Amino acid sequence: MAQSMTGFASASGAEGAYVWTWDLRSVNARGLDLRLRVPDWLPGLEQNLRQQIAKTFSRGAITVSLRITRDDAETQFASNPAQLTHLLEAVAKITDQAARAGVLLTPPTAMDLLTFRGITGDDTGRTGQEGRIAAKLAQDVQGPIQALARMRAEEGAALTAVLSRQLDDIDALLAQTPAAAQERQAQVREALARNLAQILDNADGLDPTRIAQELALLAVKSDVTEELDRLTAHVAAARSLMQAGGPIGRKLDFLMQEFNREANTLCSKSGSTRLTGIGLDLKSLIDQMREQVQNLE
């Protein structure tokens, strides 16, 4: 099944005193662009996340945010004595050096000291449990990853349905072209007759073979059969891609360029108001499809 590149998912979890929230968001991108916002004190978590996401998605700008806290009731007054001793020694040394230099420093308060990293138990990266929590989070993230995949799949199914209807509309327009082409045959014959007359009027000394070549060239320039055949083939190719599913966005985007090229040529060679109108309607539908295709993985 084709997937969209847009979606979001969120989930919450807890382990002991730790509480966390995942937030995953995905938008369009040329490739797979991962933007991870996770605490740096969780060893190996970022690399693990990249591997898991790359196994599930092939395209999209995916942002992963993790907010993790500890229960204040358990950590509010916890402290790290060794770290506090090092900090006090550093403060004393700085104060002594400043005094010898004649600089008066304001002594830090206890609340000032508590703001330093590693002094209180709120510094989750210094508890010695970071490895266990990182492993737990690496398992827990599978839930929101799969939720994001389901949402992208649902969006992809909706986009595929829209594209299928647009292909039906293209088929309907192509079905009108034989009658429109038949109507323009009289106009084409008249145009060829006029061109032939001009050639013959200036044909003194010209090679008859060259005249035949010019007439054949005029006929080819006015024939839209190849463009219509290729458009029909492109519709079949697009349906086949959508039935196959998977990461088809880039292939469909390339196919839309081919659709547009044939529609442009059809308009330039149409030679009749009705056929030009069909060509313009085709271009409008193709532009709409290209906008939808940009959202597919």
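In this text, all values refer to a predicted model and were calculated from it rather than measured experimentally.
Under 3.5 Å, the side chains of Gln52 and Gln142 contain a donor-acceptor pair of N or O atoms. Side chain to side chain, Glu297 and Ser58 meet the donor-acceptor criterion of an N or O pair below 3.5 Å. When only modelled atom types and interatomic distance are considered, Gln292 and Gln288 share no side-chain donor-acceptor pair under 3.5 Å. A donor and an acceptor atom, one from each side chain of Thr63 and Arg37, are nowhere located under 3.5 Å apart. At a cut-off of 3.5 Å, with distance as the only test, no side-chain donor of Gln47 or Arg50 sits close to an acceptor on the other residue. No side-chain N or O of Gln294 forms a donor-acceptor pair with one of Asn28 less than 3.5 Å apart.
A 4.5 Å side-chain heavy-atom check between Ile133 and Ile68 finds at least one atom pair inside the cut-off. Counting only heavy atoms from C-beta outward, the side chains of Phe259 and Arg290 never approach each other to under 4.5 Å. Side-chain contact check for Thr6 versus Met151: every heavy-atom pair is 4.5 Å or farther apart.
Closest non-hydrogen pair, Gly279 versus Leu266, comes out as CA-CD2, 4.1 Å. Cys267 and Thr276 make their closest contact through SG-O, 4.2 Å (heavy atoms, listed as atom of the first residue, atom of the second, distance). Annotation for Ala61 and Ala29: closest pair N-CB, 3.4 Å, computed over non-hydrogen atoms. Closest approach of Ile286 and Met256 over heavy atoms only: CG2-O, 3.9 Å.
Salt bridge absent: Asp253 and Arg30 never bring a charged side-chain N and a carboxylate O closer than 4.0 Å. Ion pairing of Arg230 with Glu258 is absent here, as no side-chain N (NZ or NE/NH1/NH2) approaches a carboxylate O to less than 4.0 Å.
Through side-chain heavy atoms spaced under 4.5 Å, either directly or across other Ile, Leu, Val, Met, Phe, Trp or Tyr residues, Met5 is tied to no other residue.
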Could you go through Glu154 and Arg150, starting from their C-alpha distance and side-chain angles, then the distance that decides it, and tell me whether this counts as salt bridge (Lys or Arg N to Asp or Glu O under 4.0 Å)?
CA-CA 6 Å; Glu154 292 171 359; Arg150 287 193 296 271; over 6 Å; no

Which is it for Arg152 and Ser26 under the side chain to side chain donor-acceptor pair (under 3.5 Å) test, yes or no, and what are the steps along the way?
CA-CA 9 Å; Arg152 286 177 38 140; Ser26 175; 2.8 Å; yes

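With sequence neighbours left out, Arg100 forms a side chain to side chain contact (heavy atoms under 4.5 Å, CB included) with Asp96, Gln97.
Dense packing is recorded around NZ of Lys283, with more than 12 heavy atoms of other residues, nucleotides or ligands lying under 6.0 Å away.
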